[in-house]
Amino acid sequence: MIPIVAFYSVISVIAYITYAIDKKAAINNRRRVSEKSLHLLGVVGGWPGALLAQQQLRHKTQKTAFQVTFWLTVVVNLVCVGWLMVSLSLI
């Protein structure tokens, strides 16, 4: 269980930093991080950091299509982790 928590922590920090970089790029009219990349970070386990970044940085919270896809990535991630834990008899 500890490796899973450690992985989620690391990927969440990476997701938060990536959202912050994208927010700064948006403010400065520079090249942005693709939404695909942001969603990929969420689906592989960075969604807690992404969610925190969305709320703290007020980034990507008003785009309905982005939010729908984001929450789908959360569900996909949780289903996959749940399946993995059951398969490995961790729960």
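For reference, positions follow the sequence shown, starting with 1. What you see is a predicted model; the values in this text were computed from it and never measured.
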Which value, rounded to the nearest 0.5 Å, describes the distance between [X] atom [atom1] and [Y] atom [atom2]?
X: H39; Y: T73; atom1: NE2; atom2: OG1; result: 6.5 Å
X: I21; Y: R31; atom1: CD1; atom2: CZ; result: 13.5 Å
X: L38; Y: R32; atom1: CG; atom2: CZ; result: 8.5 Å

(message) Please tell me whether S12 and S9 have a donor and an acceptor in their side chains that are separated by less than 3.5 angstrom.
(response)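 Note: S12 and S9 side chains miss the donor-acceptor criterion.
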(message) Any heavy-atom pair between the side chains of L57 and Y16 that's under 4.5 Å?
(response)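 Yes. Closest side-chain heavy atoms under 4.5 Å.
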(message) Just so I know, are the side chains of L88 and W83 near enough to count as touching, which here means a heavy-atom distance under 4.5 Å?
(response)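 No. Closest side-chain heavy atoms not under 4.5 Å.
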(request) Apply side chain to side chain contact (heavy atoms under 4.5 Å, CB included) to the pair Y19 and L41, showing each step before the final yes or no. (result) CA-CA 10 Å; Y19 271 74; L41 283 168; 5.6 Å; no
(request) Grab the two heavy atoms, one from W71 and one from L51, that are nearest each other, plus how far apart they are. (result)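 Result for this residue pair: CZ2-CD1, 3.8 Å.
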(request) For residues A15 and G46, report the shortest heavy-atom separation together with the two atoms involved. (result)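 Heavy-atom minimum between the residues: CB-O, 3.4 Å.
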(request) Output yes when a side-chain donor or acceptor of T18 lies under 3.5 Å from a complementary backbone atom of I14, and no otherwise. (result)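 Yes, T18 side chain to I14 backbone: donor-acceptor pair under 3.5 Å.
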(request) Run through Q67, K60, K23 and flag the one making a side chain to side chain donor-acceptor pair (under 3.5 Å) with Q54. (result)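 Looking at Q67, K60, K23, the match for Q54 under the side chain to side chain donor-acceptor pair (under 3.5 Å) is Q67.
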(message) What verdict does the side chain to side chain contact (heavy atoms under 4.5 Å, CB included) test give for Y8 and V81, after you've listed the backbone C-alpha separation in whole Å, the side-chain angles of each residue and the deciding distance to 0.1 Å?
(response) CA-CA 11 Å; Y8 268 78; V81 169; 2.9 Å; yes
(request) Report the residues that fulfil side-chain contact (heavy atoms from CB on, under 4.5 Å) with R30, sequence neighbours left out, ordered by chain and then residue number. (result)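 R30 satisfies side-chain contact (heavy atoms from CB on, under 4.5 Å) with A25, N28 only.
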(request) List for me each residue that meets side chain to side chain donor-acceptor pair (under 3.5 Å) alongside H59, sequence neighbours excluded, and say none if there are none. (result)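 Expected list: D22.
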(message) Please determine whether residues L72 and L40 belong to a single hydrophobic cluster, defined as Ile, Leu, Val, Met, Phe, Trp and Tyr linked transitively by side-chain heavy-atom distances below 4.5 Å.
(response)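 No; tracing contacts between hydrophobic side chains, which count when under 4.5 Å, never links both residues.
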(request) Report the C-alpha separation of I4 and M85 in whole Å, then their side-chain angles, then the decisive distance to 0.1 Å, and conclude whether the side chain to side chain contact (heavy atoms under 4.5 Å, CB included) test is met. (result) CA-CA 10 Å; I4 293 172; M85 292 177 75; 4.0 Å; yes
(message) Does I11 form a side chain to side chain contact (heavy atoms under 4.5 Å, CB included) with W47? I'd like the steps, not just the answer.
(response) CA-CA 8 Å; I11 199 73; W47 63 265; over 6 Å; no
